[in-house]
Protein chains: 2
Amino acid sequence: MALRHAVLAALLDGEFSGYQLAKGFDIGVANFWHALPQQLYAELSRLEGEGLVAGREVVQEGRPNKRLFTVTDAGLAELESFAAAAAKPSFIRDDLLVKVQAVDGVDAAPVIAQLRERAAVAEAKTEVLGALLRRLRGDLDEDEFLRTGRRIGPYLTCLRGLAFERETREWCLRTADLLARRRAEAARGRAGG
Amino acid sequence: MALRHAVLAALLDGEFSGYQLAKGFDIGVANFWHALPQQLYAELSRLEGEGLVAGREVVQEGRPNKRLFTVTDAGLAELESFAAAAAKPSFIRDDLLVKVQAVDGVDAAPVIAQLRERAAVAEAKTEVLGALLRRLRGDLDEDEFLRTGRRIGPYLTCLRGLAFERETREWCLRTADLLARRRAEAARGRAGG
DNA sequence: TCTGACTAGTCAGATTCTTGAGTATGAGTC
DNA sequence: GACTCATACTCAAGAATCTGACTAGTCAGA
């Protein structure tokens, strides 16, 4: 019952097709919501059926036609009441943290490798988010943009995403190094006596 | 297919009943996995059926009997292969961030209130996690514990959780203040001319 | 000309997660 | 003596999500 609100929030930034949302959910809104293309298409259809978004067919040359969606007044009202309702506590679900939790009982090598890989992914994301932030604020500096900008919601959520990715990177690198050092120590211990 | 691994990882710390896990999932493992009691009971039964955990009935006086579970060798092997498999990318799902994303289109007041509430929750969690970290490392300092401790997985994941909660608190407070200032500005603008 | 990639989407089925209620006992309390 | 709280767990139904395959046209490169 909440993907719908993420979709409505995403559509506040303009007209999008299901396909565009499916691509773009990886940046911006994807910082705090994740959905597969099938879910987005299905949700858009449902939202349209309930009159919360309006779709229009755009005929294209050289590629399939597409349907662009915008939020209706009813959709805005729905968002309004969603925003006013009590928020459920957020939660993270992360395989990699489960592995780290279990790392004392299993071989650490693959966990270390995955931590380093995740750190690289997080670093790439910080760059994408940094670029997005620069684009959103245009030529204003951050403080001025946040004081005077008309559309600051996406900027604020990107800031959260950026902080998250930075923290993720730091922690992954620190944890990977630590586990690697412990492995080296253990190996030395076994070899040396 | 992943709650099972979170449960197995949690059971590495000792024998627990479904009820204890259901309570304790809010600290420790709950930093990165979230589950309702019903799920935990169901998952424990399934795991027992598959021989990945072993349950034993403990008869109690003055309260209902309980079943305590431990990880079997097969469970450990399962964890081992889970740790070695590629991790799915983590994701956050957070109603509150959806609301912030949409904040330009809806009344900000309830969003501000929820941001402040979330900040308070995050602060409370940092204290719980801080206490947990102190308990886990005993009288060693952090560096020494991490170098020499036998069971550091939970400590490492708590560190991640702590950083996350701290960041959450910071961002919520900063965002709430910003939105509140903008509202005050807008009100002054309307009143003044 | 065949292959693969991109655009744009749909469908079915399985798994997972959430909602909501219910069982049973004992301890404390007003 | 009724009420609530805590322990300890179960069941059923529904919503949400994920896996995986499938359609269909265009374009670029081997």
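Per chain, numbering begins at 1; letters A, B, ... match sequence-line order.
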Is A/Ser17 near enough to C/dT7 that one of its side-chain N or O atoms lies under 4.0 angstrom from OP1 or OP2?
no
Base partner of D/dA30, which must satisfy Watson-Crick or wobble distances under 3.5 Å
C/dT1
Check the distance between D/dT10's P and B/Leu36's CG and give it to me in whole angstrom.
16 Å
So, is A/Gln60 close to the C/dT7 phosphate, meaning a side-chain N or O under 4.0 Å from OP1 or OP2?
no
Both A/Gly62 and B/Ser45 contact DNA chain D. Which one's nearest nucleotide lies toward the 5' end?
B/Ser45
Starting at atom CD of B/Gln39, determine the distance to atom C1' of D/dT10, rounded to an integer number of angstrom.
15 Å
Take the protein atom CZ of A/Phe16 and the nucleotide atom C1' of C/dG9, then report the distance between them rounded to whole Å.
18 Å
Starting at CD of B/Glu43 and ending at P of C/dC17, how long is that distance when rounded to a whole Å?
8 Å
Looking at the base of C/dG20, is there any donor atom on it, or on the side chain of B/Gln38, that sits under 3.5 Å from an acceptor on the other one?
yes
OP1 or OP2 of D/dC9 versus the side-chain N and O atoms of B/Tyr41: is any pair under 4.0 Å?
yes
Kindly say if B/His34 contacts the phosphate of C/dT18, meaning a side-chain N or O under 4.0 Å from OP1 or OP2.
yes
Within the structure shown, what part of the strands sits under 4.0 Å from A/Arg93 by heavy-atom distance: base, sugar-phosphate, or nothing?
sugar-phosphate
Is B/Lys23 close enough to D/dC9 that one of its side-chain N or O atoms is under 4.0 Å from OP1 or OP2 there?
no
Most 5' of B/Leu68 and A/Glu61 on DNA chain D, judged by nearest nucleotide:
B/Leu68
B/Trp33 CH2 to C/dT16 P, in whole Å, measures 11 Å
Taking D/dT17, D/dC9, C/dT7 as options, the one with an atom nearest any side-chain atom of B/Arg67 is D/dC9
Side chains of B/Arg160 and A/Thr168: is there a donor and an acceptor less than 3.5 Å apart?
yes
Determine yes or no for a side-chain-to-main-chain donor-acceptor pair under 3.5 angstrom, with A/Arg118 supplying the side chain and A/Arg169 the backbone.
no
Euclidean distance, atom CD of residue A/Gln20 to atom C1' of C/dA8 [Å, nearest integer]
10 Å
Quick check on DNA chain C: between A/Gly18 and B/Arg46, whose nearest nucleotide comes earlier from the 5' end?
A/Gly18
Without hydrogens or angle criteria, can the side chains of B/Gln101 and A/Thr157 be said to hold a donor-acceptor pair below 3.5 Å?
yes
It should be established whether B/Tyr19 places a side-chain nitrogen or oxygen under 4.0 Å from OP1 or OP2 of nucleotide D/dT7.
yes
To the nearest angstrom, how far is A/Arg63 atom CZ from D/dA28 atom C1'?
14 Å
Please determine whether the number of non-hydrogen atoms from other residues, nucleotides or ligands lying under 6.0 Å from atom CZ of A/Arg137 exceeds 12.
yes
Under 4.0 Å from OP1 or OP2 of C/dC6: is there any side-chain N or O of A/Lys66 that close?
no
Find the distance B/Glu48:CD to D/dC9:P and express it as a whole number of Å.
11 Å
What do you reckon, is CG of A/Asp141 surrounded by more than 12 foreign heavy atoms closer than 6.0 Å?
yes
Would you say A/Thr148 and B/Arg182 are linked by a side-chain donor-acceptor pair, where the criterion is simply a distance under 3.5 Å?
no
